[in-house]
Amino acid sequence: MSYTTVVGLEVHVQLATQSKLFCRCSTQFGAEPNTQTCPVCIGMPGSLPVMNREAYQLALKTSVAINCEIPAFTKWDRKQYFYPDLPKGYQISQFDLPMSEHGWLEISDPKDRFEPKRVRILRAHLEDDAGKSVHDEVHGRADSEIDLNRTGTPLLEIVSEPDMRSAAEAKAYMQELRLLLTHIGVSDCNMQEGSMRCDANVNLHIDTPDGKAATPIVEIKNMNSFRAVERAIEYEAGRQYRVWQETKQQMGDVPKQTRGWDDAAGKTLGQRSKEESSDYRYFPDPDLVPVLSTPEEVEAVRASLGDLPADIRRQLADDHGLSSYDADVLVNQGREVLAYFFNAAEKSGDYKAACNWVTQDIQRVLKEQEQSIDEFSISADQLADLISAIGDNRLPKSRSKDAFELMLTNEIDVAAAIEKLGIEQVDESALVTLCQELLDANPKIVADVKGGKQQAIGALIGQAKKKNSNVDPGQVRKMCLELVEKM
Amino acid sequence: MSITEQSATESLALLKQGELTSVELTQAYLDAINARDEQIGAFLRVDGEAALARAAEIDQRRQAGETLGELAGLPIAVKDVLCDSDERTTCASKMLEDFRPPYDSTVVAKLKAADAVLLGRTNMDEFAMGGSTENSAFKLTRNPWDLQRAPGGSSGGAAACVAGGLAPLSIGTDTGGSIRQPAGLCGVVGLKPTYGRVSRYGLVAFASSLDQVGPLASSVEDVALLLATIAGHDPQDSTSLDAPVPDYLATLNKPLDGLRLGVVREHFAEGLDAEVEASVREAIKVYESLGATVKEISLPHSKYAVATYYVIAPSEASSNLARYDGVHYGYRTDVAKMISDLDSERKELEETDDKEGLEKLDTPLVRMYRRTRDEAFGPEVKRRIMLGAYALSAGYYDAYYLKALKVRRLIRQDFDAAFAEVDLIASPVTAEPAFKIGQMADDPLAMYLVDLYTVSANLAGLPGISLPCGLSKSGLPIGLQLQAPPLAEEKLLRGAQMFQAHTDWHKNKPEG
Amino acid sequence: MAITRDDVEKVALLARLELSEAEIESLTTDLGQIVGYVDQLAEVDTDHVEPMAHAIELHNVFADDVVRPSLPREQALANAPSHNGKGYLVPPVLGD
């Protein structure tokens, strides 16, 4: 028997506003508990919400970027439940008329573990965040402490259709979404700080002798990294298969279950849920007014987005001859690195070389030094110079890494690095003389080459370097072969 | 005539001319409160010292020649539902008995900026839910015209203090008639503005899409004065109307030429008290004598207004009052006792091996919520929370809540059609004069039906005013209601002033 | 629709009210009466009528994204029935 894992994701993204969704308290992460609250976000009697224009704009931008349709009319509803971190007793969210619906996001895997696919997006809506409860897990009955700093932070909830068929696809969807959202600057999508959160709805479609069977859907919560999303779904799929083998329970046989991911234990654990808690009694929030938008406004937002990661990948592959793997790796480095790359590539005219430098050496250094590209000491212009120097043979390819290291450690440009390396141009006649001398001194090698063993030349390259450290190994090889031919 | 029998406008003129000080005026009202409020019970709290200090400060500033606010030196009473950072705001509920808001409502801030002297906080039905002020958790307010009768509600204290001569100006709130109905029953003038005309910021919500703050006073002129102060756009209230506030006082005495007065066919039906009907018809005749054309109109959906209201208002209330859970402010039950009760319940269930009972047993947190709310809310508040939660719950939403929203639009469309033909609509405020305290205690539905003539204006967002137009044989005031299209307060006030300029009903005062 | 005692108990949990026996009984009667009255709405033809959630229908009301000072923490917590100077305290929420 075989099965397919079916995954739909609900992703919450914190929008990068300065102030909260319905009041003007700061959204800065990491402040002392309860220092960023006011009557509105504490839900004090008499306080009223007023929507943050920027939050709506960022949500709109995101919706357009994920290819959603933007209805002309949208409104906000109250989702009612009691919890200490929800001081109003309701969350302001969107129920039946969300601000965007029916979008999609393309995902692919550079390692080709799955076919590229379009994951449909059911809807995206704007809502306010709850606060945090700090539980005293050691003392059991001790009180919980509530911090309302996060209460009211704008969230965009992006709900996918159940279109993913593996943990790897789910992870790729999350990564692509983060890439897109950070690219357009609507969120920092930091999973550790909770500015990107994800719940996964998972079940299995199992092939049985009697046809297909679907296991009950389980919602997984508490996944705080991309790796966790992948592991949790993998674990859950295995768990559901074991449960199905035991119980043969299908969708509809039991109520939808919620399980929390325990990263340390590597397991999902059942969470207690009250039957009544699902009756949220949504109704339109009378304190907030609807938002109308025109096709012109939506078009203006679309135009302001510029090229999105998927477009850039295509351009790199189609217009600049990069492999789709390279294009993908490059685009995945994010907007700043990409801008750096484009600077260097356009200036040097060599996209492939710029790509190699950026995705290999520069990435390595950034990782080692824990730097961002803005802090990197070689500017894009300097990298372009380095690429050009190699291209027009001012710098032998064999010494390019040395030059790069010198530029980096001494913060000098490529000309200075070439000089420091003592590299001088070896002119053609000097190279001919040198190669001829070597061939004359090694008749055996000449004979071998004539006999078809071209690789025998290799032995001469080392000798040539000893005589003149500035010679380029490639040029030596080429010249020797040419001379042998004439001999 | 004693100082407290002057209108606010008269007092203001004397203050400006230097013939009266704010301290004298404030002291006169404090004396009246001392003398009579023990019987009437209009105020929940009066801070005489603070009021006199404030009055003295304003007098000083006036002497120093400073420019003062438009209500400078006038005492005013505020319903205990508007946040004031210098005061408790209790909503006449045990839930908020000790709540001290860290901020001013926009209306209170405007009153302070206008240099009014805040006298104290008036009694009301708990969270403004009720029509008799009997639902206050703290005290009973009596109708100054007959102490055995209710002043109406929910702004019962606000109306009674004006009727009793305890304050010249008073702020109330109106969700289904809560200004107009007590004004009518207490023989004073009360105006509910267009929804959004006055900011709701800092008004503790009952039903957000219906609540409006408005003025009460003993004359239309005083009401216009106070409305001008509190009206206006507020960026802190998303539902606030961004429209200029006309100079209501400047045009007040200009009669409405060619006034077309609508009389609603459905209003004069079974259940309307004969004396009330006679007084209202008499008032309409006054308008005719002043040149108005009276036109019979129909509001075919008005008979559904109370039903519509009692779905929408409780639904919103059930949500607005969810925040009172004993966590962030307000009352909390005795947690130690609650935990110990829960433990003994659990023990009992374990002993009888009642698995279902154990499964259903509240967690400590849920029990804290439930007990806190049960202990701190009064019966009417609980009734409405239950009604609203029911109307919004799965399976009933479409039949009740959504249906009511649709009927609401039909009610509004009736008005739109009517106002194409008439300028103002005249009607009774209530079907009967003031009722006896306790008369409707056991019949919530009968109490709800008192709102028959007033709820439509809230559902449709229209302004309405209630003004005295008669006295019953037993000496109880009878009110006339005028309603106007949205933002037509100027017309409404002028229409009301036409009546008062030619009648003396508003000059009647209760004995005492 | 008739209101049953079971309805009242369910709604009481939704609304977080711990009702006494007497309250459950009187509310079953009261709500039954009121809902019975409200049921007359069913006779109104509301086909093709848009719901009206606001008394005056505005749209697109926004505030600028500018941070303003928050409440000092002492003031934020001042009305809390139980706090430790840093946060609001509640009975344990674990297992809820």
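Fair warning: this is a prediction, and the values are worked out from it, not measured in the lab. Every chain is numbered from 1 and lettered A, B, ... according to where its sequence line falls, protein lines coming before strand lines.
Rounding to the nearest 0.5 angstrom, the gap separating the CG atom in A/Asp279 from the NZ atom in C/Lys10 is 10.0 Å. How far CZ of A/Phe82 is from CG of C/Leu14: 9.0 Å, rounded to the nearest 0.5 Å. Between atom CG of residue A/Leu148 and atom OG of residue C/Ser70 there is a gap of 11.5 Å, rounded to the nearest 0.5 Å. C/Leu77 contributes atom CG, which lies 7.5 Å from atom OG1 of A/Thr37 (distance to the nearest 0.5 angstrom). Distance OH/C/Tyr88 to CG/A/Asp85: 12.5 Å, rounded to 0.5 Å. With values rounded to the nearest 0.5 angstrom, A/Ser19 atom OG is found 9.0 Å from C/Asp64 atom CG.
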Given the rule in the side chain to side chain contact (heavy atoms under 4.5 Å, CB included) test, do A/Asn34 and C/Arg73 qualify, once you have shown the distances and angles that lead to the verdict? CA-CA 6 Å; A/Asn34 293 301; C/Arg73 181 157 67 187; 3.9 Å; yes
Can C/Asn60 and A/Val289 be said to form a side chain to side chain contact (heavy atoms under 4.5 Å, CB included), step by step? CA-CA 7 Å; C/Asn60 297 41; A/Val289 302; over 6 Å; no
C/Asn84 vs A/Glu145, test: side chain to side chain contact (heavy atoms under 4.5 Å, CB included). Steps then yes/no. CA-CA 8 Å; C/Asn84 61 2; A/Glu145 186 185 314; 3.0 Å; yes
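Chosen from C/Leu71, C/Asp65, C/Leu89, C/Asn79, the residue pairing most often with chain A at heavy-atom distances under 4.5 Å is C/Asp65. Contact tally against chain C (heavy-atom pairs below 4.5 Å) for A/Lys75, A/Gln36, A/Gln28: the top residue is A/Gln36. Looking only at heavy-atom pairs under 4.5 Å with chain C, the residue among A/Leu292, A/Thr35, A/Leu288 that has the most is A/Leu292.
For a residue to count as touching a neighbouring chain, one of its non-hydrogen atoms must lie under 4.5 Å from one of that chain's; by this rule A/Phe283 does not touch chain C. Within the 4.5 angstrom heavy-atom criterion, only backbone atoms of C/Val66 (N, CA, C, O) approach chain A.
Interface residues of residues 42-54 of chain C toward chain A, defined by a heavy-atom distance below 4.5 Å and sorted by number: C/Ala53, C/His54.
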